[in-house]
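The structure under discussion appears below in the form of structure tokens.
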Amino acid sequence: MPELPEVETIRRDLSRLIIGARIVDVIVSLSKFVSPRRLFEQRLVGRRITSLKRYGKLLVFALDGNYALQVHLKMTGQIVLRHKGKVLFGGHPIAGLLEVPNRYTHLTISLSTGDVLYVNDLRQFGYAKLFTTEDSQKIVSRFGIDPLLPSFTFAVFEGLLKKATGRTVKAFLLDQSKMSGLGNIYTDESCFAASIKPTRRAGTLTGAEQKKLYKNIRAILKCAVAKRGTTSSTYERTYTKAGSYTRYLKVYGRAGKPCQRCGRPLSKARVSGRGTVYCFYCQA
DNA sequence: TCTAATACCTGCGGGC
DNA sequence: TGCCCGCAGGTATTAG
Ligand SMILES: [Zn+2]
């Protein structure tokens with residue numbers, strides 16, 4: 001589900017409402033969703049939320065008392081904040097399911113503001129893990145560079161490519177230890193924009209192709225963040241404005257449909273274990 | 001050490 | 001209608 005732009009959208013929406021709030025109650029409905037299972041509730045209650053940060057696709061709630069709560073939404077996770085009778089919604093949309101809590105709610109956190117935070121996940125791949133600040137920092141430091149940071153220069157990108165010459169471009173872009181934040185949507189979109197087949201080996205890219213890929217990754221992610229990401233649902237009776245990047249998608253979800261550049265039908269293949277859409281003719 | 005395949009889950013839509 | 005299959009915005013872990 002959510003990739004960098006969608007997680008960043010959640011982070012921005014939530015930050016305004018939860019920073020400074022204190023956790024007054026915690027309910028765990030699926031014990032394997034959280035860690036540590038035994039002490040989770042006890043350690044959280046009474047903490048104040050001091051910041052909300054994003055590392056790639058991971059959200060980190062910093063808490064006073066030297067704790068950090070890491071929440072990953074994986075494929076189908078959502079975060080919903082009940083605020084003054086309405087809900088603020090982020091992550092993977094489930095059509096027609098706006099009530100909270102619901103059968104996919106695994107974690108409920110009540111705040112001193114009266115708001116309630118729900119973490120839902122249909123496929124249960126996601127997690128909420130509580131660490132000390134130091135342990136959390138250690139985990140996050142192993143992540144690849146965030147492609148939206150100013151420090152992610154072309155030289156850095158080139159260096160990463162050199163260390164993965166044998167891998168497909170798709171596998172390389174999806175590898176969160178190289179860069180963190182790209183997922184299946186934005187990987188395919190970046191490859192199309194750069195006219196590179198996702199099946200190409202990273203080591204076969206020309207200098208010009210490397211540059212084009214780098215530029216398009218940044219441009220696409222920036223645009224997607226500005227558009228609040230890619231979401232297909234509308235959100236009535238909520239505070240949430242839907243993500244509108246959907247209408248900019250050139251290949252993702254368009255297999256068999258005409259390529260917007262050459263008009264021929266887009267191809268679909270399995271690359272690096274993921275459904276992959278590309279134009280056989282426009283992408284070299 | 002590197003790369004690829006598999007496991008983890010539930011639900012949906014298409015084909016028979 | 002119901003059953004079976006493949007597929008879904010991710011990533012630890014395992015296997016080669
Ligand atoms: Zn084309």
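Every chain is numbered from 1, with letters handed out A, B, ... down the list of sequences.
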*Does a side-chain N or O from A/Arg270 land closer than 4.0 Å to OP1 or OP2 of C/dA8, or not?*
yes

*Which one is paired to B/dC9, where only Watson-Crick or G-U wobble pairs with both distances under 3.5 angstrom count?*
none

*asked:* Does anything in residues 5-55 of chain A form a ring-ring contact (aromatic ring centres under 6.0 Å, His included)? List the pairs, not counting sequence neighbours.
replied: A/Phe33-A/His106

_Phosphate-side-chain proximity, A/Lys74 and B/dC8, N/O vs OP1/OP2 below 4.0 Å_ = no

*Paired with B/dT3: which nucleotide, if any, by Watson-Crick or G-U wobble criteria at under 3.5 Å for both distances?*
C/dA15

*side-chain N/O A/Tyr104 vs B/dC9 OP1/OP2, d < 4.0 Å*: no

*Counting only side-chain N and O atoms of A/His72, is one of them less than 4.0 Å from OP1 or OP2 of C/dT11?*
yes

*Parallel, tilted or perpendicular: which fits the ring planes of A/Phe157 and A/Phe152, with parallel below 30° and perpendicular above 60°?*
perpendicular

*side-chain N/O A/Arg274 vs C/dG10 OP1/OP2, d < 4.0 Å*: yes

*On a whole-Å scale, what distance lies between the P atoms belonging to B/dT6 and C/dG6?*
13 Å

_Using a 6.0 Å cut-off, check whether atom CZ of A/Phe280 has over 12 heavy atoms from anything other than its own residue._
no

*asked:* I'd like to know if the side chain of A/Arg218 reaches the main chain of A/Pro147, judged simply by a donor and an acceptor atom lying under 3.5 Å from each other, with no hydrogens or angles considered.
replied: yes

*Within this structure, what is the CG-to-P distance between A/Leu30 and B/dC9, rounded to whole angstrom?*
9 Å

*asked:* What is the distance, to the nearest angstrom, from the CD atom on A/Glu3 to the C1' atom on C/dG9?
replied: 5 Å

*Would you mind reading off the distance between A/Ile139 atom CD1 and C/dT11 atom P, rounded to a whole angstrom?*
14 Å

*Could you check whether A/Tyr252 gets within reach of a base, just the sugar-phosphate, or nothing at all, counting any heavy atom under 4.0 Å?*
base

*State which residue, out of A/Thr199, A/Thr187, A/Asp188, fulfils the side chain to side chain donor-acceptor pair (under 3.5 Å) condition with A/Lys170.*
A/Asp188

*Counting any heavy atom closer than 4.0 Å, what does A/Gly273 reach on the DNA or RNA strands: base, sugar-phosphate only, or nothing?*
nothing

*Expressed as a whole number of Å, how far does the C1' atom of C/dG9 sit from that of B/dT3?*
23 Å

_Protein-nucleotide distance (A/Lys129, atom NZ; C/dG10, atom P), rounded to Å_ = 17 Å

*Under 4.0 Å: is that the gap between some side-chain N or O of A/Lys268 and OP1 or OP2 of C/dA8?*
yes

